[in-house]
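Here's the structure we're looking at; comments come further down.
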Amino acid sequence: GESVGMGVDVELVSGVQGEKVPQTARYEWSLQGIDGRPVSSDAAGSGSISQGGKSALSSRLQLQPGAYRMAIRGEMALQDGTTQPFICRSRPFTVLTEAQASLRAGKLPAPEPTNGKPRVGVLVGGYGGKGIVQALEGVEGIELQQVSEVTPEVARRCRALIITQNRSGVGDEALAKALHNWVEAGGAILTTHDAVGYRSHPAIAPEIATGVDHTKSDTVRIVEPDMTPPGLTDGLLKHAFYDHVLLKAGEKAEVLATDAAGKPVIVSGILGKGRYCASGIAFGLNAETEDQRPGEPESYVLRKIVEWLVQ
């Protein structure tokens with residue numbers, strides 16, 4: 001656990017009870033784990049206070065990462081001779097893990113150099129993550145790793161990351177900032193569907209791409225010759241999921257695929273020392289919104305993107 005110092009001032013004030021003015025109060029305080037996690041018995045105490053006075057509570061506790069709040073309860077003696085129970089709770093506060101603290105600060109370690117195959121981490125908890133893993137299994141030249149979250153250790157060990165759309169639908173500004181800095185320091189990222197920076201997902205590299213709209217279409221045109229699957233007629237690729245996100249390409253972007261109207265769907269670009277690709281296609285997701293290995297033309301495009309990322 002983490003050693004956390006806490007300081008709280010308790011004050012007995014009038015006006016809250018209308019005409020019943022509190023004179024004194026006895027109270028007990030305790031720290032509570034909001035998610036039900038146990039808290040040390042040291043995180044509790046008692047005291048008394050008089051009208052106009054203050055009581056300072058301070059303690060240093062060993063707390064596991066998680067959400068907590070302080071509760072103070074007791075009984076007030078009122079000016080009219082009666083008593084009244086009370087309870088007050090603080091705003092929640094969170095003890096962060098080392099990984100969470102690094103992300104909040106926008107910091108992730110740069111990828112470590114490797115003499116072997118570059119490691120590609122796939123965020124499998126998001127939409128399409130497991131299907132992407134299936135499509136990349138056995139691909140020569142890379143070492144595949146399934147990851148449940150982006151941590152400093154993952155950032156250090158992986159040459160490239162595939163960031164899938166969060167299933168909660170809620171993005172993380174701190175994580176997006178940290179990943180932006182990680183790419184600039186030499187990392188490489190592929191984002192898919194909303195993770196490109198659409199709806200509630202913040203853009204990781206707005207200099208290269210942000211999501212602006214989505215369309216219910218399962219067909220895009222591959223405009224980059226090196227990424228075009230063999231035998232694909234007119235570059236038209238039919239992907240498994242029933243829609244895709246449209247992108248606004250930034251100044252540093254190269255457009256790799258478009259919709260029928262020529263609007264970007266896949267773009268890539270160099271950012272600092274790293275590489276970034278945004279795909280409005282939800283690789284690894286079928287039309288029923290289930291993770292599934294994509295068909296060969298779609299898997300071919302995915303592999304080509306990954307090859308470029310780890311160059």
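Quick note: residue numbers are just sequence positions, from 1. None of the values given here were measured: they were computed from a predicted structure.
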- [ ] Output yes when E298 and R293 qualify as a salt bridge under the 4.0 Å nitrogen-oxygen rule, no when they do not.
- [x]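 Looking at R293 together with E298, the answer is no, because their closest N to O distance does not fall below 4.0 Å.
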Task: salt_bridge(K252, E207) N-O dist < 4.0 Å - done: no
Measure the [atom1]-[atom2] distance between [X] and [Y] for me, rounded to the nearest 0.5 Å.
X: Q32; Y: R89; atom1: CD; atom2: CZ; answer: 6.0 Å
X: D259; Y: R221; atom1: CG; atom2: CZ; answer: 10.0 Å
X: L190; Y: I162; atom1: CG; atom2: CD1; answer: 5.0 Å
X: K304; Y: L256; atom1: NZ; atom2: CG; answer: 12.5 Å
X: L175; Y: W182; atom1: CG; atom2: CH2; answer: 11.0 Å
X: K130; Y: E290; atom1: NZ; atom2: CD; answer: 12.0 Å

Restricting to non-hydrogen atoms, name the atom on [X] and the atom on [Y] that form the minimum distance, rounded to 0.1 Å.
X: A278; Y: A209; value: CB-CB, 3.7 Å
X: Q51; Y: V21; value: NE2-CG1, 3.8 Å
X: P22; Y: M76; value: CB-SD, 3.9 Å
X: I208; Y: S268; value: CG2-C, 3.9 Å
X: V196; Y: G280; value: CG1-N, 4.2 Å
X: V310; Y: A160; value: CG1-CB, 4.1 Å

Counting neighbours of [atom1] on [X] that are heavy atoms of other residues, nucleotides or ligands and sit closer than 6.0 Å, is the number greater than 12?
X: Q311; atom1: CD; answer: yes
X: R199; atom1: CZ; answer: yes
X: R26; atom1: CZ; answer: no
X: E28; atom1: CD; answer: no
X: Q146; atom1: CD; answer: no

Task: Donor-acceptor pair between T191 and Y276 side chains, under 3.5 angstrom - done: yes
Open item on the list: Testing the 3.5 Å rule here: is there a donor-acceptor pair between the side chains of H244 and H214?
Closed with: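 No, no side-chain donor-acceptor pair sits under 3.5 Å.
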Compare all side-chain heavy atoms of [X] with those of [Y] and state whether any distance is below 4.5 angstrom.
X: P264; Y: K248; answer: no
X: V306; Y: L136; answer: yes
X: I266; Y: C277; answer: yes
X: I281; Y: V265; answer: yes
X: Q84; Y: L78; answer: yes
X: T164; Y: Y127; answer: no
X: H239; Y: V220; answer: yes
X: D291; Y: L285; answer: yes

Open item on the list: Apply side chain to side chain contact (heavy atoms under 4.5 Å, CB included) to residues L179 and I163 and explain how you reach the verdict.
Closed with: CA-CA 10 Å; L179 289 172; I163 306 297; 4.2 Å; yes
Open item on the list: Taking the ring centre of each residue, are H193 and F241 less than 6.0 Å apart?
Closed with: yes
TODO: Show your reasoning for whether side chain to side chain contact (heavy atoms under 4.5 Å, CB included) applies to T210 and Y198.
DONE: CA-CA 7 Å; T210 55; Y198 184 54; over 6 Å; no
Do [X] and [Y] belong to the same hydrophobic cluster, where Ile, Leu, Val, Met, Phe, Trp and Tyr are linked whenever their side-chain heavy atoms lie under 4.5 Å apart, directly or via other members?
X: V212; Y: V255; value: no
X: V124; Y: V154; value: no
X: V267; Y: L309; value: no

Donor-acceptor contact present, side-chain [X] to main-chain [Y], <3.5 Å:
X: D234; Y: L236; value: no
X: T114; Y: G116; value: yes
X: R119; Y: I142; value: no
X: R159; Y: V120; value: no
X: H201; Y: Q165; value: no

Open item on the list: A cation-pi test, strictly: NZ or CZ of R73 under 6.0 Å from the centre of the six-membered ring of W29 and no more than 45 degrees from its axis. Yes or no?
Closed with: no
Open item on the list: Set out, in order, the CA-CA distance, both residues' side-chain angles and the distance that settles salt bridge (charged side-chain N to carboxylate O under 4.0 Å, His left out) for D226 and R303, then state yes or no.
Closed with: CA-CA 12 Å; D226 290 341; R303 292 196 301 269; over 6 Å; no
